Amino acid sequence: MKRTKIATVHSSNPPSGQVLIKGWVRTRRDSKNFSFIEINDGSCLKNIQVVADDGLAAYDQIRKLATGSSVEVTGEIVASPGKGQAWEVRAEAVTLVGDAPDSYPLQKKRHSDEFLRTIAHLRPRTNKYGATFRIRSALAQAVHRFFGERGFYYIHSPIITGSDCEGAGELFRVTALDVDNPPKIGGGVDYSQDFFGREANLTVSGQLSAELFALALGDVYTFGPTFRAENSHTRRHVAEFWMVEPEMAFCDLDGNMDLAEDLVRNLTGAIREQCKEDLDLFARFVDKSLPQTLQTVVESDYIRLPYREAIDILRSAEKTFEFPVSFGSDLQSEHEKFLTEVHFKKPVILYDYPKTIKPFYMRANADDETVAAMDLLVPGIGEIIGGSQREERLDILEARIKAAGMDVEQYWWYLDVRRYGTVPHSGFGLGFERLLMLLTGAANIRDVIPFPRTPGSIEF
RNA sequence: UCCUCGGUAGCUCAAUAGGCAGAGCGGGUGGCUGUUAACCACUAGGUUGUAGGUUCGAGUCCUACCCGAGGAGCCA
């Protein structure tokens with residue numbers, strides 16, 4: 001007989017007939033003449049209740065089935081006379097596939113997120129983490145659907161990069177040298193003998209690759225892992241995370257902001273449609289205000305505010321900030337929080353930042369003071385998107401690379417696309433896990449990625 | 001890297017002022033029951049994060065370290 005997934009049973013109307021269920025025992029309750037076994041197979045949040053009566057061949061074994069064991073059950077779907085479920089499986093055979101001894105760490109009770117992080121290999125077997133990772137999967141597929149429907153091409157940008165000054169971020173070195181005894185030259189390590197013939201690192205962004213391809217295929221995006229070696233200890237940072245990075249040729253900052261808003265709104269709407277049951281778990285047990293938050297994200301227009309005006313709002317606010325605000329200073333967490341959570345209470349896109357606090361590739365505005373940068377900030381999390389119109393003018397870009405103290409030679413290919421048929425273009429990076437935090441109400445980024453990598457922690 | 005809080009049974013936590021280490025859940029045994037985080041009774045389960053110190057006596061006070069969490073910074 002062919003296996004039936006529990007999600008299929010619950011979505012049939014009405015469910016009926018013979019089924020073969022395969023899954024893991026969540027709980028078992030005994031009655032006088034039978035045992036109630038609740039089985040979950042990960043296909044959906046709901047379990048299915050199996051009723052096994054004492055006439056079954058393996059009833060002695062069934063009575064001992066422990067939480068966490070894997071089983072196969074054949075039986076007939078019937079209307080349930082009990083409360084709490086409309087249907088149940090009247091078992092004809094129950095087979096133990098894999099036993100779970102009493103050292104199985106997951107109980108029927110609620111566990112703390114901190115404890116579950118220590119058993120990240122088992123936590124997807126809980127209701128909450130099962131829901132999280134079903135939503136994560138749906139969100140990833142919604143990303144591809146969003147861009148596919150709009151004629152964007154998906155680019156696989158490299159994970160290992162050779163540019164050693166991509167930005168101020170700390171990089172993870174990639175080497176095939178014997179780190180205990182590396183070849184030396186002039187007192188330092190001789191990377192000319194390394195695998196690539198020079199220093200290499202894990203990527204911190206697919207943006208540069210995406211720009212090159214946007215100036216060939218028009219509208220493109222990357223969606224892959226990125227790596228930051230910062231020694232950050234916050235609930236919003238991990239060392240390995242996923243970013244969605246669209247890049248559009250013939251697009252200015254306004255078009256960029258339009259896409260950012262459209263993307264966040266569309267993805268949120270898609271998850272609201274497709275993952276109702278899983279989202280409801282978060283609304284009930286994690287964040288009671290989640291439905292309201294998601295409604296705001298989907299239905300309200302986002303505020304668009306020049307950095308300069310944000311500074312004015314912050315300066316005239318009654319609240320006193322720990323860090324003073326002035327034009328030219330980067331906004332601190334407390335300032336972002338004030339704008340999204342107190343002043344506007346909805347997503348805010350800030351744009352036209354001072355060029356002194358933004359990287360070299362952002363397009364200089366006519367005022368010679370700001371660049372065409374934009375950040376999308378959301379309540380509760382802060383920045384989930386950062387992007388800009390890129391500097392497409394060769395001479396200005398060269399000057400800015402030099403002013404940043406970087407090596408123009410290293411970026412010959414980045415400059416080449418400005419040299420040959422340059423066009424205005426724009427793009428941004430969306431933190432995939434940050435968006436997941438927004439969608440689920442999860443307070444910690446480590447709880448929306450399967451196996452989080454943080455300073456001092458790489459188990460699993 | 002800095003600041004704050006925490007670490008007690010498998011899990012979640014309690015333990016007055018420095019004075020016999022406990023409860024619920026989970027496990028085991030028995031009972032009851034179309035049960036719903038089932039219920040009732042009994043039962044096993046501990047190097048109180050590690051190392052030192054103060055004290056007649058330390059889970060509790062002191063020092064160092066380890067681990068976790070929150071905040072800040074860092075953060076294309």
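The sequence lines fix the lettering, A, B, ..., with proteins before strands; numbering per chain opens at 1. Predicted, not measured: the structure shown is a model, and the values here were computed from it.
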ask   = In whole Å, what separates the C1' atom of B:A15 from that of B:G24?
value = 15 Å
message = Between A:Gln18 and A:Glu92, do the side chains contain a donor N or O and an acceptor N or O under 3.5 Å apart?
response = yes
task = May I ask you to verify if any side-chain N or O of A:Arg26 is less than 4.0 angstrom from the OP1 or OP2 atom of B:U36?
result = no
key: With A:Phe250 via ring-ring contact (aromatic ring centres under 6.0 Å, His included) - residues at least two apart   = none
task = Specify the separation, in whole Å, of atom NZ of A:Lys64 and atom C1' of B:G30.
result = 13 Å
ask   = Across the strands shown, which category fits A:Gln49 at heavy-atom distances under 4.0 angstrom: base, sugar-phosphate, nothing?
value = base
ask   = Reckon A:Ser232 touches a base, only the sugar-phosphate, or nothing at all at heavy-atom distances under 4.0 Å?
value = base
inquiry  = Please evaluate residues A:Phe152 and A:Phe146 with respect to the criterion ring pair (Phe, Tyr, Trp, His ring centres under 6.0 Å), reporting the C-alpha separation (whole Å), side-chain torsions for both, the decisive distance (0.1 Å), and the verdict.
reply    = CA-CA 9 Å; A:Phe152 282 66; A:Phe146 176 91; 7.3 Å; no
message = In the structure I gave you, are the side-chain heavy atoms of A:Arg29 and A:Glu38 within less than 4.5 Å of one another anywhere?
response = yes
message = What's the separation between atom CD1 in A:Ile39 and atom CZ in A:Arg28, rounded to the nearest 0.5 Å?
response = 12.0 Å
message = What is the separation between atom CH2 on A:Trp242 and atom P on B:C75, rounded to the nearest whole Å?
response = 25 Å
ask   = What is the distance from atom CD of A:Glu247 to atom NE2 of A:His425, rounded to the nearest 0.5 Å?
value = 5.0 Å
inquiry  = Using whole Å, what does the distance between atom C1' of nucleotide B:G70 and atom NE2 of A:His233 come to?
reply    = 13 Å
Please list, pair by pair, any protein nitrogen or oxygen found under 3.5 Å from a nitrogen or oxygen in nucleotides 23-27 of chain B.
from: B:G24; atom 1: N2; to: A:Lys109; atom 2: NZ; distance (Å): 2.7
from: B:G26; atom 1: O4'; to: A:Gln107; atom 2: OE1; distance (Å): 3.4
from: B:G27; atom 1: O2'; to: A:Asp102; atom 2: OD2; distance (Å): 2.7

key: Spacing of A:Arg228 atom CZ relative to B:G73 atom P, expressed in whole Å   = 17 Å
remark   = Numerically ordered, the residues 441-460 of chain A set in heavy-atom contact under 4.0 Å with RNA chain B is A:Asn444, A:Arg446
request  = For A:Ser333, answer base if it contacts any base atom (sugar-phosphate contacts may also be present), sugar-phosphate if it contacts only those atoms, and nothing otherwise; contact means non-hydrogen atoms under 4.0 Å.
outcome  = sugar-phosphate
message = Using heavy-atom distances to pick each residue's nearest nucleotide on RNA chain B, tell me which of A:Glu245 and A:Lys337 is more 5'.
response = A:Lys337
task = Quick one: sort the A:Phe115 and A:His111 rings into parallel, tilted or perpendicular, breaks at 30° and 60°.
result = tilted
task = Rounded to the nearest angstrom, tell me the gap between atom CD1 in A:Ile357 and atom P in B:C74.
result = 11 Å
task = Represent RNA chain B in dot-bracket notation, 5' to 3'. Only Watson-Crick or G-U wobble pairs with both distances under 3.5 Å count; pseudoknot-style crossings use [ ] and interstrand partners use |.
result = (((((((..((((.....[..)))).(((((.......))))).....(((((..]....))))))))))))....
task = Return each pair, listed once, that meets salt bridge (Lys or Arg N to Asp or Glu O under 4.0 Å) where at least one residue sits in residues 367-386 of chain A; pairs must be two or more places apart or across chains.
result = A:Arg308-A:Glu369, A:Lys355-A:Asp368, A:Lys358-A:Asp375
message = From the set B:A38, B:C75, B:G73, return the single nucleotide nearest to any side-chain atom of A:His237.
response = B:C75
task = Would you mind reading off the distance between A:Leu331 atom CG and B:G73 atom P, rounded to a whole angstrom?
result = 11 Å
ask   = When rounded to the nearest Å, what value does the distance between P atoms of B:C61 and B:G18 take?
value = 8 Å
ask   = Are a donor atom and an acceptor atom from the side chains of A:Thr161 and A:Asn201 found within less than 3.5 Å of each other?
value = no
message = Please give the distance between the P atoms of B:A44 and B:U63 as a whole number of Å.
response = 40 Å
request  = Write down the distance between NE2 (A:His111) and C1' (B:C13), rounded to a whole number of angstrom.
outcome  = 14 Å
message = Without decimals, in angstroms, what is the distance between A:Arg63 CZ and B:G30 C1'?
response = 11 Å
query = Closer than 4.0 Å, any side-chain N/O of A:Thr118 to the OP1 or OP2 of B:G68?
reply = no
request  = Scan A:Phe428 against the nucleic acid and name what it touches under 4.0 Å (heavy atoms): base, sugar-phosphate only, or nothing.
outcome  = nothing
message = Taking any heavy-atom pair under 4.0 Å as a contact, classify A:Thr234: base, sugar-phosphate, or nothing.
response = base
inquiry  = On RNA chain B, does the nearest nucleotide to A:Phe323 precede the nearest nucleotide to A:Lys32 from the 5' side, or the other way round? Give the residue.
reply    = A:Lys32
query = When all nucleic acid strands are considered with a 4.0 Å heavy-atom cut-off, which category describes A:Phe36: base, sugar-phosphate, or nothing?
reply = base
key: OP1 or OP2 of B:C74 under 4.0 Å from side-chain N/O of A:Asn231   = no
query = Taking the six-membered ring of A:Tyr414 as reference, does the NZ or CZ atom of A:Arg418 fall below 6.0 Å from its centre and within a 45° cone about the axis?
reply = yes
query = Can you tell me how far C1' in B:A51 sits from the matching atom in B:C66, rounded to whole Å?
reply = 10 Å
request  = Using the C1' atoms only, state how far B:G31 lies from B:A38, rounded to an integer number of Å.
outcome  = 14 Å
note = So CG of A:Asn47 and CD of A:Glu88: to nearest 0.5 Å the spacing works out to 13.5 Å
ask   = Do the ring planes of A:His156 and A:Tyr154 sit parallel (below 30°), tilted (30 to 60°) or perpendicular (above 60°)?
value = perpendicular
message = By the definition salt bridge (Lys or Arg N to Asp or Glu O under 4.0 Å), identify the one residue from A:Arg446, A:Arg453, A:Arg136 that meets it with A:Glu433.
response = A:Arg136
ask   = How far, in whole Å, is B:A41 from B:G46 if one measures between their C1' atoms?
value = 25 Å
inquiry  = Can you confirm if the aromatic rings of A:Phe451 and A:His121 lie within a centre distance of less than 6.0 Å?
reply    = no
query = Of the residues in residues 68-93 of chain A, which ones touch RNA chain B at a heavy-atom distance under 4.0 Å?
reply = A:Ser80, A:Pro81, A:Gly82, A:Lys83, A:Gln85, A:Glu88, A:Arg90
message = Does A:Ile159 form a side chain to side chain contact (heavy atoms under 4.5 Å, CB included) with A:Leu202? I'd like the steps, not just the answer.
response = CA-CA 6 Å; A:Ile159 303 294; A:Leu202 293 181; 4.0 Å; yes
ask   = A:Phe338 and A:Phe321: aromatic ring centres closer than 6.0 Å?
value = yes
key: A:Ser112 side-chain proximity, nearest of B:A72, B:U36, B:U12   = B:U12
request  = Provide the distance between the two P atoms, one in B:A58 and one in B:A72, to the nearest whole Å.
outcome  = 41 Å
ask   = Roughly how far, to the nearest 0.5 Å, is CE of A:Met257 from CD of A:Gln389?
value = 10.0 Å
message = Would you measure the distance from the C1' atom in B:U12 across to the matching atom in B:G71 and give it in whole Å?
response = 25 Å
query = Looking at A:Ser31, does any N or O in its side chain come under 4.0 Å of the phosphate oxygens OP1/OP2 on B:G34?
reply = yes
message = Looking at B:A38, I'd like to know if its phosphate oxygens (OP1 or OP2) sit under 4.0 Å from a side-chain N or O belonging to A:Arg29.
response = yes
